[in-house]
Amino acid sequence: MSLIVQKFGGTSVADTKKILAAARKAIRETKEGNQVVMVVSAMGKNTDHLIDLAKEISDRPNSREMDMLLSTGEQVTVALMAIALQSLGHEAVSFTGAQIGIKTDNTYSKARIRSISTERMRKALDEGKIVIAAGFQGIDDDFNITTLGRGGSDTTAVALAAVLKADSCDIFTDVDGVYTTDPRIVPEARKVDKISYDEMLELASLGAGVMHSRSIEFAKKFNVPVHVRSSFSDTPGTIIGAEPENNEAPVCGAALAKEEARITVIGVPDKPGVAMNLFSRIAEAKIPTDMIVQNVSDQGITDISFVIPSDDLAATLKIVESTVQEIGAEGFESDNNVAKVSVVGLGMEKQPGVAQKMFHALAEKKINIHMISTSEIKISALVDRDKGIEALRAIHEAFQLQQAFVSTTVDSAITQTESASAVRSALSNEFVSRLTGMEEILIEKVSIDQSQARITLTDLPDRPGLAAEVFDQIAGGRVIVDMIVQSVGRQGLASISFTIQRNELDSVLDITEKLNRAYQCKTFSNPTVTKLTVHGTGLRSHTGLAYRMFKTLSDGGINVSIICTSERCINVVIDDSVGKTGFSLLSNEFVDEMI
Ligand code: ADP
Ligand code: ASP
Ligand code: MG
C-alpha cells in the first residue's frame, strides 16, 4: 500500500464544487489501495481578504494576531473537505497544524518548521480515514499559532510527505505543471516534464510563484518526488526530482520578482566587519537580502547596495536608519520601484556567454540594468518595475525557452545520471537524521579556488546596453567570465566587477584599456584573488548564512570584495594573501553542520 500526499491550492478549493472535486480525487486514490493525506489552502483569495480586513483596521497589525487570523482560512477548508469526503461516503478527519503537531519557531508570518509528529496522522490513516491537514500553519513552543509565509501550504505538503516517507507528493494547482516561466506572463512558455531540485529551488526563490521555495528545500533534503499537476485535468504534470530535464541546457527557466526594493548605503568605511553589523540585524529580522554588491572603495570608503522584497522595505529601512551612524556611513537611499529578472540553469556553469546573451536581450529593448549579480546557476538583473514583464519576455525569447534544448554531445546521458546519483548520495539519511530542526540549513562543503583575478571598471555611464557592450568586448576576446556584479554608485555612475582566470588577465587589461578610453571609465584589478564558496541548500533564504560568512571572515580581519549568493552556494572573493586563512576560518565555522 502506497502513501500519497495531495495538496490543493487556493483556486483548486475556491468553492464547494471544487472542494467536492478534490475530495473525489482523494477517494479515487484510496480505491486504488493507497492511503491519502490531503493538505489544503484557504479557499480562493481568502487569505488576501483576511489581510485586507486587518488593514482596514490598522496599517501595521500585530504579527501574532495576523497569524491567528490568517490560519483561519485553512481551517475553513479542512473542515469543508472532511464534510465533503464524508458526504461522499468516505471516512475522513481534519486537523489544524497544531493538532497534527507541526512545531515551528516563533517567527510570526515566516515561521520555520522544527518538527512534525506523525502519530496522530498514522493512527487515523490506519483506521482507514483520509487525513486532511491545514496547510501553511503550525504552533510554537508557547502554543501560539504561526504561519509559514505566503504560499506556505506547499511547504506543509512536502514536509508531511517527508516525515511520512510518502511515495509521492502531488501538488494540484491551476497550471498543469512547471513552465519555463510564468505562462500567464509569457504565453509561449513551455511546460517541462521534469526539473531538478536545485533549479526549481532557485527559480522559486527568484519569483516563480508556482512553488513555495522552502518546499523544495524539504524535497531535496528528504528526497521527496514532487509532481506538480493540474487540479482540473488528468494530464501528467512536472516531476521535481534529482534529475534535470537536460543537464547541458544553459538555461532551464526564467523568473520575475516584481515587487523588489533596492537600498544603497552610501559612504561606508571599507573595513572588515563594518557591513556585518548591518547585515546581522537584517538577518535577525529574517529579511532575505539578495544581490549584495559593494562598489570598489575610493579612498577607503565604499557604497553597498542590496535588494529585498518590497514588503520588507519599511522594516529594513528602520534597521538601516539606526545602523548608518553606528557604522560611520554617510547616508542611504532606496528605490521601491524595481523588479528582478533572472535566468536559472545547471548547464550555465560550463557555457560561456550566457550572461552576455541576457544583457543583450535587455539592451535590445533599451531596458536599463541597475544591478547585476551572477552565481554558478543563475544570473539576476535589476530593472525598473514597469519594465519587468518586457524584460522577462525578452530573455525568454533570447534563450528560446519555448523550445526544448537539444544536446550537442553524445555523452550527456551519462553526465545526467552521474549528477543525479551524486545528489542522492550527498543527502544521506544518516546526515538528515542529525538535523535538530527539519528546516535547519544544509551545508555540503566549503571550497577554495585560487585561479582567478578580479577586474573592476568604475565610473561607467549608467545607461541601457552598457553591460552588453562591456561583455561583448571581453567575451569577444574569448575570455570566460565567472562572477559578475554591477551596481550604480554615488554620482549615478555604474561599476562592474568580474573575475576571470589569472592567465587571461593581460589580454583582458588590453581590452579594458580600450574601454577606459571609450567610456572615460577607470579599471582596477587584483591579479590574484581567492574565491571561497560555501555549498548547500537554501543558503539565501536562510537569512543568517551570508552574515555568518561575513562575520567569520571579518573576525579574522579579512575584507570581502565581491559576494554572490544563490540558494545552492554563496561565493565571496577575498585577497589571495589571506585566501588560505579565509578557507580554514570558514571550514571551521561550518564543520559541525557539514555532511
Ligand atoms: P496555488 O494556489 O495552487 O498554490 P499559485 O497561484 O500559488 O497556486 O501557483 C500557481 C501559479 O503560479 C500559476 O497560475 C502561474 O501563474 C504561476 N507561475 C509562476 N511561475 C510559474 C512557472 N514557472 N510555471 C508555472 N506556473 C508559474
Ligand atoms: N493561504 C496561504 C496563502 O495564500 C498559503 C497557501 O495558499 O499556500 O498564501
Ligand atoms: Mg501556491
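Start at 1 and go down the list; that is how both ligands and their atoms are numbered.
Contact annotation: Gly177 has at least one heavy atom less than 4.0 Å from an atom of ligand 1. In this structure, Gly209 has a heavy atom closer than 4.0 Å to ligand 1. Pro183 counts as a contact of ligand 1, since one of its heavy atoms falls under 4.0 Å from the ligand. Using a 4.0 angstrom heavy-atom cutoff, Lys7 counts as in contact with ligand 1. Heavy-atom distances between Gly9 and ligand 2 stay at or above 4.0 Å for every pair.
Scanning both residues, Val341 and Ala391, for their nearest heavy atoms gives CG1-CB, 3.8 Å.
Ser541 and Ser205 share no side-chain donor-acceptor pair at under 3.5 Å. At a cut-off of 3.5 Å, with distance as the only test, no side-chain donor of Thr146 or Asp67 sits close to an acceptor on the other residue. With 3.5 Å as the limit, one finds no donor-acceptor pair spanning the side chains of Ser196 and Asp198. Side-chain atoms of Ser566 and Lys378 include no donor-acceptor pair closer than 3.5 Å.
Checking atom 6 (O) of ligand 1 against the protein gives no heavy-atom contact under 4.0 Å.
Within the 4.0 Å heavy-atom criterion, both parts of Asp182, backbone and side chain, lie near ligand 1. With a heavy-atom cut-off of 4.0 Å, Thr181 touches ligand 1 through its backbone alone.
Ligand 2 has no nitrogen or oxygen under 3.5 angstrom from a nitrogen or oxygen of Lys7. Considering backbone and side-chain N/O atoms, Ser12 never comes within less than 3.5 Å of an N/O atom of ligand 1. Not a single N or O atom of Val178, backbone or side chain, sits closer than 3.5 Å to an N or O atom of ligand 1. Checked by distance only, ligand 1 and Thr173 come closer than 3.5 Å through their nitrogen or oxygen atoms.
Taking every heavy atom of Gly151 and a limit of under 4.0 angstrom, the matching atoms of ligand 2 come to 3 (C), 5 (C), 6 (C), 8 (O), 9 (O). Every atom of ligand 2 with a heavy atom of Glu74 under 4.0 Å away is listed here by number and element: 1 (N), 2 (C), 5 (C). Atoms of ligand 2 lying under 4.0 Å from at least one heavy atom of Ser41, given by number and element, are 6 (C), 7 (O), 8 (O). Within the listing of ligand 2, atoms 3 (C), 4 (O), 9 (O) sit less than 4.0 angstrom from a heavy atom of Arg150.
Between Val210 and Met200 the shortest side-chain heavy-atom distance falls below 4.5 Å. For the pair Ser380 and Met291, the minimum side-chain heavy-atom distance is below 4.5 Å.
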With a cut-off of 3.5 Å and sequence neighbours excluded, list every side-chain donor-acceptor pair involving residues 170-183.
unit_1: Asp170; atom_1: OD1; unit_2: Ser168; atom_2: OG; d: 3.4
unit_1: Asp170; atom_1: OD2; unit_2: Arg229; atom_2: NH1; d: 3.1
unit_1: Asp174; atom_1: OD2; unit_2: Arg184; atom_2: NH2; d: 2.8
unit_1: Asp176; atom_1: OD1; unit_2: Tyr179; atom_2: OH; d: 2.6
unit_1: Thr180; atom_1: OG1; unit_2: Arg190; atom_2: N; d: 3.0
unit_1: Thr180; atom_1: OG1; unit_2: His396; atom_2: NE2; d: 2.7
unit_1: Thr181; atom_1: OG1; unit_2: Ala254; atom_2: O; d: 2.7
unit_1: Asp182; atom_1: OD1; unit_2: Arg184; atom_2: N; d: 2.9

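Among all non-hydrogen protein atoms, the one lying nearest atom 6 (C) of ligand 2 is Ser153 OG, 3.3 Å.
When Val186, Ile171, Asp174 are ranked by how near their heavy atoms come to atom 10 (C) of ligand 1, first place goes to Asp174. Nearest to atom 27 (C) of ligand 1 by heavy-atom distance, out of Leu256, Val228, Val210, is Val210.
Side chain of His227 to backbone of Gly237: a donor-acceptor contact under 3.5 angstrom is found.
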Intermediate values then yes/no, salt bridge (charged side-chain N to carboxylate O under 4.0 Å, His left out), Lys7 and Asp154: CA-CA 7 Å; Lys7 180 253 170 181; Asp154 296 329; 2.8 Å; yes
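None of Glu376, Glu349, Glu199 except one satisfies the salt bridge (charged side-chain N to carboxylate O under 4.0 Å, His left out) rule with Arg568; the exception is Glu349. Residue Asp312 is tested with Lys318, Lys110, Lys286 for a salt bridge (charged side-chain N to carboxylate O under 4.0 Å, His left out); the sole match is Lys110.
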